[in-house]
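Pasting a structure here, questions to come.
Everything numeric in this text was worked out from a predicted model, so none of it was measured. Residue numbering restarts at 1 for every chain, and letters A, B, ... go by the order of the sequence lines.
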Amino acid sequence: MIKKWYKVSSLLVAVVMVLTLLATACAAQQTPAPAQPTGPITINIGVPMPLSGTAAPWGQIPTPLREAFVQVLNKQGFQVNGQTYNLKLIQVDDENTPEGGSAAAKELIESDGCKFFAGHWSWNFSAIAAVTNPAKVIFLTRNGAPDALPASWGGGGAYDPKTMPYVVFGTPSQEEFLADCFALVDAFPNYKKIGLVDSSVSKGGPGWVAVGKALDAAGVRYASEWFAPGTTDFSPMLTRLNQEGCDIVFVAGWVGEYMAMLKQRYEMGYKNMKVACSGPFVSMDIYQAVVGVDAFEGAIGSYEAPWAFKKTQVNPSIIAQCQEAEQIAAQTTGAPYDYTGEFPWVPAHVEILTQAMQQAGTVSDPDAIMKAIRGGTFDTTAGKWTMSGAQTYGSPIVFGTPASLCSIQNGKEVYLSEHPMEPLP
Amino acid sequence: MIIGRLYIDQKSVVPKVVIGVVIALLAIVPLFTTSMVTLSTLISSGIWAVAVMGFILILRTGQFSMGQAAFMAIGGYVSAILTLNLGLSYYWLSFLASGVISGLIAFAIGLIVLRAGGTSFSIITIAFGEIVRIVALNWEDLTHGAAGILVKPPPPINIGNFEINFSLSLVPFYYFMILLVVASALFYWQIDRIRIGGTFRSVAANPVLAEHLGVHLMKYRVIAFTIAGVFTGFAGAYYVTFISVINPLIFDLWKSIQIMMMAIVGGPSLIVGGAIIGSTVLYSLGNYLSQLPVPNVQYVVFGAVVVLVLLFLPKGTGLVDLWGKFWRKVFREPEEYEIPGEFADDEEE
Amino acid sequence: MALLELNDITKFFGKLAAVEDIDLKVEKGEVLGIVGPNGSGKTTLINLISGYYKPTRGDIYFNGQKISGLRPDQIARLGIVRTFQSNVLFEGASVIESMMISSRLQYKTAEWQAFFNTRTYKDEQEKVVGNLLETLQLLDIFNETFRPAAALSHGYQRMLGIAAALAANPSVLMLDEPTTGMNHEEAMFVVENIKKINQRGITVLLIEHNMKVLLGVATRVVVLSFGNKIADGDPYEMMSKPEVIEAYLGTETV
Amino acid sequence: MPPAGIWIDGLVQSCIYMTMAFGMVLVFSILGILNWTHGQFYMLGAFVVYYAVTAAGIPFPLSLLVSGVIVGALGMLVEKFIIERLTGPGYGLLAVTAATMALIFFFEGAAGMAFGLMAKGMATTLPGVLDMGVFSISYQKIAVIIFTLIVMVAMYIVLNRTKIGKAIRATAQQPDAASLYGVNVGWVSLIVMGIGCALAAMAGGIMGPVQSVDPFMGRIPMIMSLLAIVIGGLGSLTGAIVGGIILGLLNSVIAYKISYLSEVVLFVLVIAILLIRPQGLFGAASK
C-alpha cells in the first residue's frame, strides 16, 4: 500500500517537474519588455552571420566596422513621422549551415523581436528566407547565394519574387564576377589570357553559360578551372593554367583559397602570373603573414572604400560617415582598419532600410516599407542604387555594387580600375 | 566486444507509464507554446533521434557506421528530386520513396562493405559518406550542386473542414515529427525485443559463437544496415523538408560523427531511449550554446560532454542508464532488482 | 552410410600440417571419443568439421552431402553444432537469454510473424521455451536460469555452453574438451550429462585429453598423434595398444 | 607525365602524410586504437610553433622541438586520463573511438576560442624560392622534406637502437610476452602516444609556414593519413610510410589530371583496397 502511494506520488512529482520546466521554457519565450517611450526608439536588426567554424572570418572581421557605422548613425538617429529612431544590430551565429541559419533566424525573430534582417553572408539564404518570409520580416541579403538564384540560372531557385515579397535580393555573384572580369581587362589591356577559377559549387550551371557568352561577346580570352570546396592545394590547377598560357588568374574563392593560390603560384615560380580575387582583402596583416610580403605584392582584389570610387558617385555626407566609422573601428580594434569590403555591405543595407522607412512613413508596416523599396532609389555607401531588377531573374528588387579593383603596391591597396554593375543580358 | 553492456531489461528501465506520460506531455506541447525556437529544437532533436536509432541498431551487430549522415543525404535528395520533378502533390510518395531508395542503397552497399568488419568498415563508411557528398556536389543535373534544392513543405491535408497546413506554422511539422519518431521507435523497439534483436546482439557479443550456432553473420549485419538505411532515409527526407533546403554541405562527415556522439551520450544499450535522450540533450545544448555571444563554445562543450559521459558514467552506458539506475532505486524493491549487468559489474570490481 | 564422413582430411598452417590424411566415419547414435595429447590436432579436426577452417585437402560429408567449404552457420543449420574449449559466452547475457539466442534454429516461423507477434509465433515460442527449460533441467542448471552467465561457476558455464549448443537443435554435437579445469566429480557429472544427451538420439563427438572420461561414455575412440590417426576402436582395447601408450607416455616424459 | 612542380608538390604532401601516418600507426600498434584526434595535435603543434616564433621569439627549428615536447605531453595526458581509462575492462572499442572523436570538436573549439578563428601565417620564416630553371621550390618546402628525412632517421634509430625502442617493438609484436619480460606496457603506451603526438605536432609546425595556421587545418591531414594507414595496412610501420608516399604523390597527380574529382578517386581506391586486401598492402594477414 505504502509502496503504491510512493509510486504515485513520485510520478506526480515528476509530472509537476516536467510541467514547471515547460512553463519556464514558455515564459522564457515571452518578448522582452517594450523600450522606454521617451527618447529615441531602438529598432533591432538581425544579422545572421557565420561566427564559428571555417567561414567565421566573414562574420567576425567586419563586426567592428558594422557596429561603428551604426554608432555613427545613432548619433543623430533618423526621423520617421517626427519620432526619432535608433538602430541596433543583433549578430547571431548561423554556423554557415542551413540548420544554423534557420535556428538563428527563429531566435532573432522570436527572442530579439527583429523585424528586419540585413547583412546576411552565408550559404543558407533559403533556410533563412523560409523563416523570415512567412513572418513578414524584411530580409536584405547581399550577394545572391548559390541556393537563391533561380533554377534556370543554375541556382537552387530559393528566391522566388512571387512567393517571397519580403526578400530584397542582392546582386547575383555572376554579375559581380563578370563586372570584375571587365574591370581586369580595363586595367590590363595587354593580357594574354585570363584563367577563371571558381569553386565547383557553381560549376557549369546556366548562369555560368551566360557569363561565358557575355565574355565571348566582349572578346575576352579566358580559360576555366573548378576546384572542390575545401581544397588547400592549388598547385595542379595553377600548373594547368600556366600551361594554357594564362597570365592573369581570377579566383572566386574564399580567403583561405585565395591566399593559398597567391602563395603557391609564387612558390611554383610563376612570378609573372597575376592573381586576382573577386572579394576584398579581409586584412592586410593576415595576407602578409600567410602569403608572405613578396608573394602578396601585386595581388588584386576588390576595393570598396566609397571615397576612392572614380566612376561611381557617392554622397559626400555618407563618405564622411564611413570615414568616421572607420576611425572608430580602428580605435576599438587598436589597429588601422583596412577592410573596405564592409562599406557596401551592412552600411548600405542600413541606408536602404532607413531611407525606405522614411519614404514609407512607417517603421512597423512591412508591406508599406517593401512598397517603398521596390523600384525606389536610395543613396548608399556605394553610390545611388535604384532597386529595380526589371531585367534580371524576374526579380523586381535587385541591387548591386560596382566592381572596383585595387592592387597591392608596397603593402598598400592602390586603385586599379572600376566597372559599373550591368545586368546580364 | 564493441560496447559496454548489451543487455538491459528494458521494462525495468523505462516503465510504460513513464513512456505514456512523456508522449502525452509531448503531444500537448503546442498547447503551451507555439514558439518557433522551442518547437524547432524539439523537431530537430526528434529527427536526429531517428537517425541515432539506426546507428545503434547497426552497433547492435558490432559495427559502427560513420556514414549514417550519407543516408540522410540520400533520403533528402531522393525526396527533394522527386518532388521537384513530379510536383508537390507527390510529396508523400516521394517521402516514402526516400526511405525505400535509401534502404536499397544501404542494402547494396552493405553487401559489399560489410564483408570488411571492424575498423575497416568504419573507414569505408567514412569514404562512402564523402563520396556521396562529392557526387552530390558535382552531379549538377540531378542535385543542382552546392546550390542545393529548395524543398517545399508538404501540401495541405484536408480532413473534413480541418486543414493541416505545413506552411503556416510549425505545429503540423511538430506532430508529424512525433509520428515519425513514434513509428520508428515502435519498429526499432519491437525489432530489438524479438528474436532477430537477440540475434543482432549475439553477432556483436560473440561473432564466432553466434556463427557456430547457425547465425549467418553477414546476413544479419546487412539486415541491420538496411533497416537503419530505410529509417535514416526517412529522417533525412523530413529534415530537409523542415529546414527547407538540401545541399551537399548539410550532411557531411561531422554530422555522421554527431550521430555517433548522440548515441554515446544517450546510451547505446537502449535503442529507443538512448537515442531520444542523446539527441535531445546534445541538440538542445548545441542549439542553446550556439546562440551565446562566445563563438565556438558549442564545440568545446559538445566534445567535453561526450568525454565526460564516457569517463564518469559506468562503462560508457550513457545517460539512459543513469536514468534507469535512478528509476530502479526509487521505484523497485531490492528483491525485484535483478538485472544481468549488475552481476557482471560485481564480478569485475 | 555413415552419418559423418571425413575423407583424407588435411590442414596445413603454413608448412606445418595440423592434421594429415585423416579418414573418419561417425555412425548415427554413437559417442565417438577423439583423444590425443596436446597439439595432436583434435581441436583442428573439430574446427574443420564445423567449418571454422577450410581443409587444405580432402572432403567432409554429412548424410551424403558435402559440407567442407560451407560456412559455419550453414553447417550448424544442417545439424552439426559444436562447443568451444574456453568458456565462450554471449557477454552480458543471462542464462535464459543465451539459450534464447541459441535456440533460433528451432523456430520455423518467419521473423515477420515474430514482429507482429502472431498466434502461430506465440505458440511456437511457448514450445521452444519449454524445450529450453527442459534442456536446462536435463543438464541440471535449471536453478541458474535467470542468472547472468558470467556469474556462473566454471562448471556451470561449461554446461551452459553445452546447453546452448543443444538449443540449436543438433543431430551431431561436438564437444571440445568439456571437462577441462574440473575435478573428478565434476567431470563425472559432465559424463552423465553426455550420456543423457546421447540417449536422446544425438550423435556425440567428444574431444578429450583425459582418457578416463572417455572410458565411461565413449562407444568408440579415435586416437590422434601429431595430426595422424594412430588407432580407432573400442575404448578399453585402446588402453592396451602400444602405440597409444607410446603417444601418451612419449609426450608426458618430454 | 606531369611536370616537376606537381611531383614536388606531391612529395611535400607525402612527407606530411607519412609523418602523421607513422605516429598514428605507432599508437595503433601499441594501444590497439586509432587516434582520431591526430589531426588536431597537428593543428595544436602549428599553433605552438606560431606563438613560439612570433610571441616568444624562439628560433624556428627550436620551436619545432618545443611544440613536439608540449603537444607530446598533452598527448600523454590524453592517453593517461582518457584513453587508458576507456580501454579498461568493460569498455568496448566504441568508447575510446567516440572519445577521441569528441576530442576533435573539443580541441578545434578550444583552439578557436583561445587563438581566434582567423588564419595566422608564418610566411616570414624561411622566405624565398629556389629557382632551378625547370622548376622552382620554396625553402619552406625544402625544409619540410629535410625535416621528414631527419624524423624518419631519428625514428629508425630510436626504434632499433635504444632500449625504449626495443621495448616498443616487443610490445607491438607480443604485448603479453613483453609484460612477462619486464616491459611496463602502461609506460610504453604513454611514451608511444607522446612520440606519436609529438610527430604530428612537429609536422603541423613545419607546415605552418607553408600553409596558414587555423583551428581547422588538421582535418585534411587527419583524413589523408588515415587513408594512408589503411592503404599501407593497419599496424604496419612500413605500410604507413609507403602509404603516405603513395597517397601524397597520387593525390597531386590525380588532381593534376582530373581536377576536382580527385578525392572520389582516392576514396574509391581505398574502398577497393580494403575489399580486395582487407589487411592493406603491408598488413599481416589474419587467420
- Task: Select one option (side chain, backbone, both, neither) describing which atoms of D:L34 are under 4.5 Å from chain B's heavy atoms.
- Result: side chain

- Message: Given heavy-atom pairs under 4.5 angstrom as the criterion, report whether the side chain, backbone, both or neither of D:V96 touches chain B.
- Response: neither

- Task: Work out which heavy atom in D:A110 is nearest to a heavy atom in B:V300; give both atom names and the distance.
- Result: N-CG2, 3.3 Å

- Task: Quick one: which of D:A99, D:A111, D:P215, D:G109 has the most heavy-atom pairs under 4.5 Å with chain B, could you say?
- Result: D:G109

- Message: For the CZ atom on B:F107, are there more than 12 heavy atoms of other groups (residues, nucleotides or ligands in this structure) within a distance under 6.0 Å?
- Response: no

- Message: Working to the nearest 0.5 angstrom, can you tell me the gap between D:L234 CG and B:S120 OG?
- Response: 6.0 Å

- Query: Are any non-hydrogen side-chain atoms of D:V270 and B:I124 less than 4.5 angstrom apart?
  - Reply: no

- Item | B:F64 vs D:L93, side chain to side chain contact (heavy atoms under 4.5 Å, CB included): CA-CA, chis, key distance, verdict | CA-CA 10 Å; B:F64 31 97; D:L93 187 56; 4.2 Å; yes

- Evaluate side chain to side chain contact (heavy atoms under 4.5 Å, CB included) for D:M101 paired with B:W254, printing each intermediate quantity in order. CA-CA 10 Å; D:M101 283 187 173; B:W254 307 101; over 6 Å; no

- Pick one of side chain, backbone, both or neither for D:T97, based on which atoms fall under 4.5 Å of a heavy atom in chain B. both

- Task: Looking only at non-hydrogen atoms, find the nearest pair between D:F267 and B:A127 and report the distance.
- Result: CD2-CB, 3.6 Å

- Message: Quick check: closest heavy atoms across D:A98 and B:V306, and the distance to 0.1 Å?
- Response: O-CG1, 4.3 Å

- Scanning both residues in full, the closest heavy-atom pair of B:N296 with D:G112 reads ND2-CA, 3.6 Å

- Task: Using non-hydrogen atoms and a 4.5 Å limit, figure out which bit of D:F81 sits close to chain B: side chain, backbone, both or neither.
- Result: backbone

- Considering only heavy atoms, which portion of D:V264 lies under 4.5 Å from any heavy atom of chain B: side chain, backbone, both, or neither? both

- For B:Y288, look at atom OH and say whether over 12 heavy atoms of other residues, nucleotides or ligands are found less than 6.0 Å away. no

- Looking at B:L310 and D:L86, what are the two nearest heavy atoms and their distance? O-CD2, 3.6 Å

- When the 4.5 angstrom heavy-atom criterion is applied to B:V297 and chain D, the contacting part is both

- Message: Could you report the tightest heavy-atom contact between D:R85 and B:L311, atom names first, then the distance?
- Response: NH2-O, 3.5 Å

- What orientation do D:F105 and B:Y299 show, parallel under 30°, tilted 30 to 60°, or perpendicular over 60°? parallel

- Query: After noting the C-alpha distance and the side-chain angles of D:I271 and B:I112, does the key distance pass the side chain to side chain contact (heavy atoms under 4.5 Å, CB included) rule?
  - Reply: CA-CA 10 Å; D:I271 293 181; B:I112 302 168; 5.7 Å; no

- Query: Heavy-atom distance under 4.5 Å to chain B: side chain of D:I104, backbone, both or neither?
  - Reply: side chain

